[in-house]
Amino acid sequence: MPLSSVRSAVEQLLLPAECLICHGLLNPRDATRIVCPLCRQRWRAVRPPWCERCGQPEPHFGPCRLCAEWPAPLTSVRSAVWLDGGARQAVHGLKYGGLPRIADDLAAAMGKVRPETDGPSVLIPIPLAKKRLRERGYNQSEKLARALARQWRIPVLLDVLVRTRETPTQTALTPGTRLANVAGAFATANVEWRTPNVQFRNSVFEIRRSTFILVDDVFTTGATLAEAARALAQAGASRVMGVTFARAAIPDFT
Ligand SMILES: [Zn+2]
Ligand SMILES: [Zn+2]
């Protein structure tokens, strides 16, 4: 038996076979899951009408305030569910509960937000600051991107996008201050961008034809995705999209 399957068998013995959210017993055929099918069905999908670009429902008249300042290559961002109830608990489990395997459950809920692209596409997780990575032991967006890569059968590019500085925690900031908060926080690395191609380790992508899909766990104002897209655009990417598992409601945002 390979070590990895021994490890996952041991992990299954150690993990309680109950749903993280409702604590109901998991059906043996769902034993590799963290969240039961019922709780996954209860996650509240983000639905249209929404701003075609940022995916924020019920845009007000006039230009959308949320995405007006985004860099031009970032054309579409979608989130699967609202960050409330069980979905909030699931994100918490991914982030702080030390349950990276829950990423598969979150990715399964993101089928409807898979971008339609012509030409090749690659997934790029939003990187964590080094300090936070050390504390957590893993990057939750990378876990999510890897799970999406398995389900969507497209590659994931790691270490291409890096944090250049730590950013203060983004809670309770207005859209404007959030954007200032992450300004210049990302850069590209470990990759040779030579128009029209990008060479990453053993893979070569044609920049112009490729769609770079940014992956994050939660969308709040889109400031992080916009700033990451700006770094990719500066390196030559012309098509950037974004997907997140959850979307946080912004209080008093009109
Ligand atoms: Zn449940
Ligand atoms: Zn918008």
Side-chain angles (χ1 to χ4, degrees), residues 12 15-95 97 99 101-110 112-113 115-116 170 173-179 182 213-214 216 218-230 233 239-254:
Q12 268 183 43
L15 281 172
E18 61 174 44
C19 169
L20 171 79
I21 295 167
C22 70
H23 302 291
L25 280 183
L26 286 170
N27 188 307
R29 76 163 188 270
D30 295 322
T32 58
R33 296 282 192 179
I34 303 282
V35 180
C36 78
L38 204 65
C39 285
R40 275 182 277 138
Q41 275 167 29
R42 285 198 190 115
W43 290 340
R44 212 157 51 86
V46 179
R47 289 184 208 286
W50 50 37
C51 168
E52 278 305 316
R53 191 178 186 203
C54 66
Q56 190 74 358
E58 294 170 41
H60 296 264
F61 288 105
C64 175
R65 262 189 60 200
L66 206 53
C67 60
E69 308 281 304
W70 286 7
L74 182 59
T75 53
S76 158
V77 175
R78 295 290 181 269
S79 312
V81 304
W82 286 107
L83 184 71
D84 57 17
R88 186 187 294 275
Q89 282 174 269
V91 168
H92 203 269
L94 176 71
K95 249 180 169 150
L99 291 171
R101 276 202 307 133
I102 202 174
D104 288 315
D105 292 4
L106 308 196
M110 292 171 71
K112 286 208 173 101
V113 296
E116 281 181 30
Q170 294 259 49
L173 295 173
T174 64
T177 49
R178 273 177 177 258
L179 213 52
V182 293
I213 305 171
L214 292 164
D216 208 356
V218 175
F219 176 106
T220 304
T221 63
T224 304
L225 290 172
E227 200 51 40
R230 194 165 283 125
R239 277 193 244 180
V240 186
M241 294 185 174
V243 289
T244 72
F245 166 68
R247 186 166 294 229
I250 312 172
D252 306 324
F253 184 73
T254 51

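Counting starts at 1 for both ligands and their atoms, following the listed order.
To the nearest 0.5 Å, atoms OG1 (Thr224) and CG (Leu214) are separated by 10.5 Å.
A side-chain contact (heavy atoms from CB on, under 4.5 Å) with Cys54 is found for one member of Ser79, Cys64, Ser76 and no other, namely Cys64.
Backbone or side-chain N, O or S atoms of Cys36 reach the Zn ion (ligand 1) at under 2.8 Å.
When rounded to 10 degrees, the angle formed at the Zn ion (ligand 2) by SG (Cys51) and SG (Cys54) equals 110°. Geometry at the Zn ion (ligand 2): SG/Cys67 and SG/Cys64 form an angle of 110°, nearest 10 degrees.
Looking only at side-chain heavy atoms (C-beta outward), Thr244 and Leu225 come within less than 4.5 Å of each other.
Ala90 approaches Ile102 most closely through the heavy-atom pair O-CD1, 3.7 Å.
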